[in-house]
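Worksheet: the structure to be examined is printed underneath.
Heads up: numbering here begins at 1 and tracks the sequence. Since the model is a prediction, treat every value here as computed from it, not as a measurement.
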Amino acid sequence: MRHCRLLLLIIAAAAMSSCGRQSHRLGVVHYYPSFLWKDACTKPVEKTLDFDFSEDARNDPKSFAEFQFVDNAGRPVSTDTLQVSVDGQPLKDNILRVGNDITSVKVTFTFAPDAETRDYQGTLKLIRHDLDRIDSQPLTAGQQVDVMPWSLRYERSMNPLAKGVLWTFITIIAALLLWFLLLKRLRFPTFRGVHKMTITDPYFSTKSFQGRHKIVLCATPPAHEQSTLSRWFKGEVVYEVNPIWETPLEITPDGKTARVSSRPGYLILPADGMSSATKWTAGGEYIIEITDKHIKAKIQVI
């Protein structure tokens, strides 16, 4: 008797199909599209089909079997959606022809990139043959038989390079938000509560506190201008340049006041001269005495 037994060697456990029949879960086909220099990639599912022809079938040169992958409604699965290949060669109409000299074939499953992401189910159907029996089922001439239920899943994912770029972008944005909304205010605060300072003697000059991180009184301008990035990430530093400020004197934020750094050669007093005043508040008048030059600079803060 010309007989063929079909075995599917799979690792995945069998699952139940929507029709209630035991369906061989073949696996998941993964795909991601191209991005920049990272090409698109499909990770196919590979399985091995073993065929065991009886001695009568092996001795009959006409014995053969043709199988087609069909869906649960019995319709052939279009190669525009699912392509089945054997030993790297795509099968026309997903039809697998097996001669009596074939003992096993390696079957590869791939989906079209634009296929719908979901589970696909169907059966491997015997559509043409010259056999008397398939597995334990008798056959008549021209009889078509559903041999093996199958199921596959198709999943599309993001290109790994695109995913890396996206997460890098998200990380940078999160870090910038954290810096500008919180850390910058803690590490490089700007002036609050005071708006500007006016030097009225021995010369006249006005400098605004608003939006600034620091004001420096110095005799010469800095060798290098503050960069745009430094202004963005730290805050603007303003220089008040005049020959009387031989030793640089820094004014920095301190809550709602302006703190003047203590330097040798300077004595910082309120206008009444009664006590030291290194913290300036709005509405105050102050004197910076340059002791070695006997110069008193008068400053109003508003």
Side-chain angles (χ1 to χ4, degrees), residues 36 164-302:
L36 298 179
V165 170
L166 176 62
W167 278 109
T168 300
F169 178 76
I170 291 174
T171 301
I172 292 173
I173 294 299
L176 290 175
L177 288 174
L178 179 63
W179 176 258
F180 285 108
L181 296 180
L182 178 62
L183 298 181
K184 180 183 176 183
R185 296 182 182 183
L186 298 176
R187 182 67 179 84
F188 301 103
T190 55
F191 290 99
R192 297 182 299 118
V194 290
H195 302 286
K196 69 177 181 179
M197 56 173 277
T198 301
I199 301 173
T200 59
D201 191 48
Y203 67 94
F204 184 86
S205 179
T206 297
K207 285 289 183 287
S208 173
F209 285 116
Q210 292 183 312
R212 273 65 188 270
H213 164 61
K214 184 189 299 183
I215 294 179
V216 180
L217 309 180
C218 54
T220 58
H224 302 285
E225 292 186 3
Q226 187 182 15
S227 68
T228 301
L229 283 178
S230 176
R231 287 198 297 271
W232 285 352
F233 284 91
K234 294 182 178 181
E236 187 177 5
V237 178
V238 175
Y239 294 86
E240 170 59 37
V241 180
N242 191 278
I244 69 172
W245 313 110
E246 291 185 356
T247 302
L249 197 61
E250 294 184 352
I251 305 171
T252 55
D254 188 357
K256 293 187 177 182
T257 67
R259 175 183 289 274
V260 186
S261 59
S262 298
R263 289 288 186 273
Y266 293 109
L267 184 61
I268 304 167
L269 302 168
D272 56 20
M274 297 300 295
S275 61
S276 176
T278 56
K279 285 189 177 183
W280 293 354
T281 59
E285 294 186 5
Y286 304 91
I287 294 174
I288 299 179
E289 183 176 346
I290 306 171
T291 55
D292 60 342
K293 294 184 177 182
H294 305 289
I295 296 175
K296 291 183 179 182
K298 296 180 180 180
I299 299 173
Q300 294 177 345
V301 178
I302 60 173

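- With contacts defined as side-chain heavy-atom distances shorter than 4.5 Å, the pair Ser261/Leu249 qualifies.
- Interatomic distance, CG of Leu269 versus OG1 of Thr278, reported as 11.0 Å (0.5 Å rounding).
- Remark: Arg259 pairs with Asp254 by the side chain to side chain donor-acceptor pair (under 3.5 Å) rule, at least two apart or across chains.
- With rounding to the nearest 0.5 Å, the separation of NZ in Lys279 from OG1 in Thr257 is 5.0 Å.
- Taking Trp179 as the reference, Leu183, Lys184, Arg187, Phe188, Phe233 meet the side-chain contact (heavy atoms from CB on, under 4.5 Å) condition, with sequence neighbours excluded.
- For the atom pair Leu166 CG and Thr171 OG1, the distance stands at 9.0 Å (nearest 0.5 Å).
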Under 3.5 Å, which donor-acceptor pairs link side chains of residues 288-302 to any protein atom two or more places apart or in another chain?
unit_1 : atom_1 : unit_2 : atom_2 : d
Thr291 : OG1    : Gly265 : O      : 3.2
Lys293 : NZ     : Pro243 : O      : 3.4
Lys293 : NZ     : Glu246 : OE2    : 2.8

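- Every residue meeting the side-chain contact (heavy atoms from CB on, under 4.5 Å) condition with Leu181, not counting sequence neighbours, appears here in chain and number order: Leu177.
- Applying the side chain to side chain donor-acceptor pair (under 3.5 Å) criterion to Lys256, with sequence neighbours excluded, gives no partner residue.
- Checked by atom type and distance alone, the side chain of His195 never pairs as donor or acceptor with a backbone atom of Phe209 at under 3.5 Å.
- Side-chain atoms of Ser230 never come within 3.5 Å of backbone atoms of Gln226 as a donor-acceptor pair (strictly under, hydrogens ignored).
- Residues meeting the side chain to side chain donor-acceptor pair (under 3.5 Å) test with Thr206, sequence neighbours left out: Thr198.
- Closest non-hydrogen pair, Val216 versus Pro248, comes out as CG1-CB, 4.2 Å.
- For Ser262, there are no side chain to side chain donor-acceptor pair (under 3.5 Å) partners at least two apart in sequence or on another chain.
- For the atom pair CD1 of Ile215 and CZ of Phe191, the computed distance is 5.0 Å after rounding to the nearest 0.5 Å.
- Residues passing the side-chain contact (heavy atoms from CB on, under 4.5 Å) test with Pro222 are Tyr239, sequence neighbours excluded.
- By the ring-ring contact (aromatic ring centres under 6.0 Å, His included) test, Tyr266 pairs with no residue at all, sequence neighbours left out.
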- Query: Step by step, would you call Ile268 with Ile287 a side chain to side chain contact (heavy atoms under 4.5 Å, CB included)?
  - Reply: CA-CA 6 Å; Ile268 304 167; Ile287 294 174; over 6 Å; no
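- Remark: Asn242 engages Tyr203, Ile244, Trp245 in a side-chain contact (heavy atoms from CB on, under 4.5 Å) (not counting sequence neighbours).
- Residue pairs meeting the salt bridge (charged side-chain N to carboxylate O under 4.0 Å, His left out) criterion with at least one partner in residues 223-244, sequence neighbours excluded, are Lys207-Glu240, Arg212-Glu236.
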- Message: Evaluate Ile251 against Met197 for side chain to side chain contact (heavy atoms under 4.5 Å, CB included), listing each step before the verdict.
- Response: CA-CA 11 Å; Ile251 305 171; Met197 56 173 277; 3.8 Å; yes
